[in-house]
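First up is the structure itself, then whatever we jot down about it.
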Amino acid sequence: MTTFAVFDSKPYDRASLGPAAESKGVTLKFYEFRLEPETVALVHDVDGVCVFVNDRIDARVVAGLREAGVGLLALRCAGFNNVDLDACHEAGLTVCRVPAYSPYAVAEHAVALLMALNRKVAKAHNRVHELNFSLNGLVGFDLNGRTAGIVGTGRIGQVTAEILSGFGMTILLTDPYPNQEWADEHGFRYVDLDELAANSDVMSLHTPLTPETLHIVDGDLLKKVKRGIYIINVSRGALVDTKALIKALKKGRVGGVALDVYEEEEGVFFEDHSDHILHDDTLARLLTFHNVVITAHQAFLTEEALTDIADVTSENMRRFAAGEELLDGTVL
Ligand code: NAI
């Protein structure tokens with residue numbers, strides 16, 4: 001019998017991954033807590049483990065997994081910045097991910113956040129429920145005719161650019177590996193990051209988190225942005241230097257921010273902390289701005305994306321157990 005331990009699992013994981021794995025003869029043990037150095041000792045009698053974005057797979061965890069005889073680390077997400085890949089490779093631990101689940105899920109959420117921010121949807125919704133039907137403070141702007149800058153034109157960045165183009169926005173792009181044919185086909189233009197920041201009304205981040213992209217939006221870049229810019233981040237929190245962002249918000253240089261990710265989200269996002277004290281003063285400050293919209297890493301959360309993730313992950317579990325090659329492009 002093939003068994004995998006699934007960490008940081010939520011009801012929606014159980015509902016999608018459970019039946020998919022069962023249909024392939026894989027048994028899953030679901031744990032609600034995260035896989036990290038403090039919990040790795042609990043891994044036993046499994047062929048592999050399945051983790052998500054905030055499990056922390058550092059060298060200690062890799063050593064613990066090998067000690068427990070684990071052969072496959074299956075990430076049920078695209079990003080892998082939380083995994084010490086060198087340690088995995090050295091230990092002979094196979095690592096796979098789901099590189100290309102519905103990019104529409106994530107791109108559409110980026111656009112939902114932009115619309116909510118610009119048209120003050122959350123604020124208006126709360127007001128109406130208090131029988132306050134005033135419109136004061138709810139002025140947005142037409143996206144039509146404005147400029148959107150897309151940082152990172154992979155799968156998700158491309159879908160976001162195409163959606164925003166549908167609103168009648170001019171699209172600027174930046175990427176060290178430009179997809180010129182696609183850009184030409186749509187009439188989009190590649191520029192460098194500084195030019196994009198200086199000319200965009202909306203800047204949306206769609207790069208992976210790597211040493212090169214860590215704090216790609218830092219104090220320096222924030223000095224060069226078009227005044228009043230909206231910044232959207234549905235990729236990884238640490239693409240943005242949050243303290244510098246707060247300064248730019250206070251100065252009015254940044255006109256609004258919409259985040260689905262936050263650099264210190266581990267241990268906070270995905271959980272109900274409503275009866276706890278929030279210890280993160282930076283997050284607390286962010287939450288005080290009327291022009292900041294935050295969701296807790298839910299861009300992937302559509303039926304289609306969950307189905308894609310469950311299918312790829314469970315198929316890889318089955319293949320691994322059968323000694324077959326894993327799905328093309330999923331091995332890191
Ligand atoms: P992808 O690999 O298709 O595209 C990433 C693009 O970023 C590539 O074209 C790459 O050349 C570009 N890039 C790399 N360094 C750059 C730099 N310094 N400046 C500009 N561009 C750069 O990845 P995909 O599928 O589009 O996903 C992007 C990211 O979105 C993932 O790495 C992940 O972190 C995040 N994500 C977030 C989710 C959420 O639920 N919030 C869900 C899924 C992905």
Side-chain angles (χ1 to χ4, degrees), residues 7-8 10 12 32-39 51-58 77 79 81-82 106 109-118 120-126 137 151 202-211 213-223 225 228-301:
F7 289 88
D8 204 9
K10 301 287 182 256
Y12 45 82
E32 286 183 16
F33 51 85
R34 279 175 285 130
L35 180 59
E36 52 194 356
E38 293 72 26
T39 57
V51 300
F52 196 48
V53 296
N54 286 326
D55 294 282
R56 194 158 17 101
I57 319 305
D58 61 12
C77 54
N81 50 284
N82 53 331
V106 186
H109 193 70
V111 177
L113 285 179
L114 167 61
M115 299 301 278
L117 174 68
N118 182 36
K120 334 285 183 210
V121 175
K123 202 195 249 187
H125 174 84
N126 291 339
V151 181
V202 174
M203 178 166 70
S204 193
L205 309 179
H206 299 285
T207 73
L209 176 61
T210 63
T213 61
L214 175 76
H215 286 183
I216 193 171
V217 177
D218 61 5
D220 263 2
L221 188 74
L222 289 166
K223 286 191 189 115
V225 295
I229 192 171
Y230 283 167
I231 296 178
I232 316 297
N233 185 9
V234 296
S235 287
R236 284 295 179 269
L239 296 177
V240 178
D241 177 344
T242 315
K243 291 201 168 110
L245 183 69
I246 287 173
K247 275 191 197 154
L249 275 163
K250 281 160 99 175
K251 288 191 174 134
R253 181 162 281 285
V254 168
V257 172
L259 304 176
D260 186 51
V261 287
Y262 167 59
E263 50 183 331
E264 301 296 335
E265 70 180 52
E266 185 188 324
V268 180
F269 281 16
F270 303 114
E271 308 298 338
D272 179 2
H273 291 282
S274 54
D275 59 352
H276 301 166
I277 303 295
L278 180 60
H279 288 281
D280 183 334
D281 290 348
T282 307
L283 179 58
R285 183 67 181 98
L286 264 185
L287 291 168
T288 65
F289 290 97
H290 72 85
N291 51 349
V292 173
V293 174
I294 300 180
T295 50
H297 209 136
Q298 70 177 71
F300 71 99
L301 204 59

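Each residue takes its place number in the sequence, starting with 1.
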Assess the residue pair Val51 and Asp8 against the criterion (side-chain contact (heavy atoms from CB on, under 4.5 Å)); give the C-alpha distance rounded to whole Å, side-chain angles, the decisive distance to 0.1 Å, and a yes or no. CA-CA 7 Å; Val51 300; Asp8 204 9; over 6 Å; no
Side chain proximity check, [X] to [Y], heavy atoms < 4.5 angstrom:
X      : Y      : value
Leu283 : Ile294 : yes
Thr242 : Leu259 : no
Val257 : Leu117 : no
Phe289 : Ile246 : yes
Val268 : His273 : yes
Phe269 : Val53  : no
Arg253 : Val225 : yes
Leu222 : Ile231 : yes

Mind checking what makes side chain to side chain donor-acceptor pair (under 3.5 Å) contact with Asn81, not counting sequence neighbours? Arg236
State which residues pass side chain to side chain donor-acceptor pair (under 3.5 Å) with Thr39; sequence neighbours excluded, sorted by chain then number. none
If you take all heavy atoms of [X] and [Y], which pair is closest and at what distance?
X      : Y      : result
Ala110 : Ser204 : CB-OG, 4.3 Å
Asp260 : His109 : OD1-NE2, 3.6 Å
Leu249 : Val254 : CD2-O, 3.8 Å

By the definition side-chain contact (heavy atoms from CB on, under 4.5 Å), identify the one residue from Thr207, Thr213, Leu205 that meets it with Leu209.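 Single pass found, and it is Thr213.
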Looking at [atom1] of [X] and [atom2] of [Y], how far apart are the two atoms once the value is rounded to the nearest 0.5 Å?
X      : Y      : atom1 : atom2 : value
Leu245 : His215 : CG    : NE2   : 10.5 Å
Ile232 : Leu113 : CD1   : CG    : 6.5 Å
Glu36  : Phe7   : CD    : CZ    : 10.0 Å

Chi angles and distances behind the side-chain contact (heavy atoms from CB on, under 4.5 Å) call for Leu278, Leu287: CA-CA 11 Å; Leu278 180 60; Leu287 291 168; 4.1 Å; yes
Residue from Glu271, Arg34, Glu265, His297 passing side-chain hydrogen bond (donor to acceptor under 3.5 Å, both in side chains) with Asn54: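 It is Glu265; the other options fail the test.
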Qualifying side chain to side chain donor-acceptor pair (under 3.5 Å) pairs, either residue in residues 282-292, two or more places apart: Arg285-Thr288
Would a distance-only check, ignoring hydrogens and angles, find a side-chain to backbone donor-acceptor pair under 3.5 Å from Asn126 to Lys123?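 Checking the backbone N and O of Lys123 against the side chain of Asn126, no donor-acceptor pair under 3.5 Å is found.
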Does any N or O in the side chain of Asp218 come within less than 3.5 Å of the main-chain N or O of Asp241, such that one atom is a donor and the other an acceptor?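 Flag not set: sc Asp218 to bb Asp241 has no pair under 3.5 Å.
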Around atom NZ of Lys247, are there more than 12 heavy atoms from other residues, nucleotides or ligands closer than 6.0 Å? no
Applying side-chain contact (heavy atoms from CB on, under 4.5 Å), run through His206 and Val234 and close with a yes or a no. CA-CA 7 Å; His206 299 285; Val234 296; 3.7 Å; yes
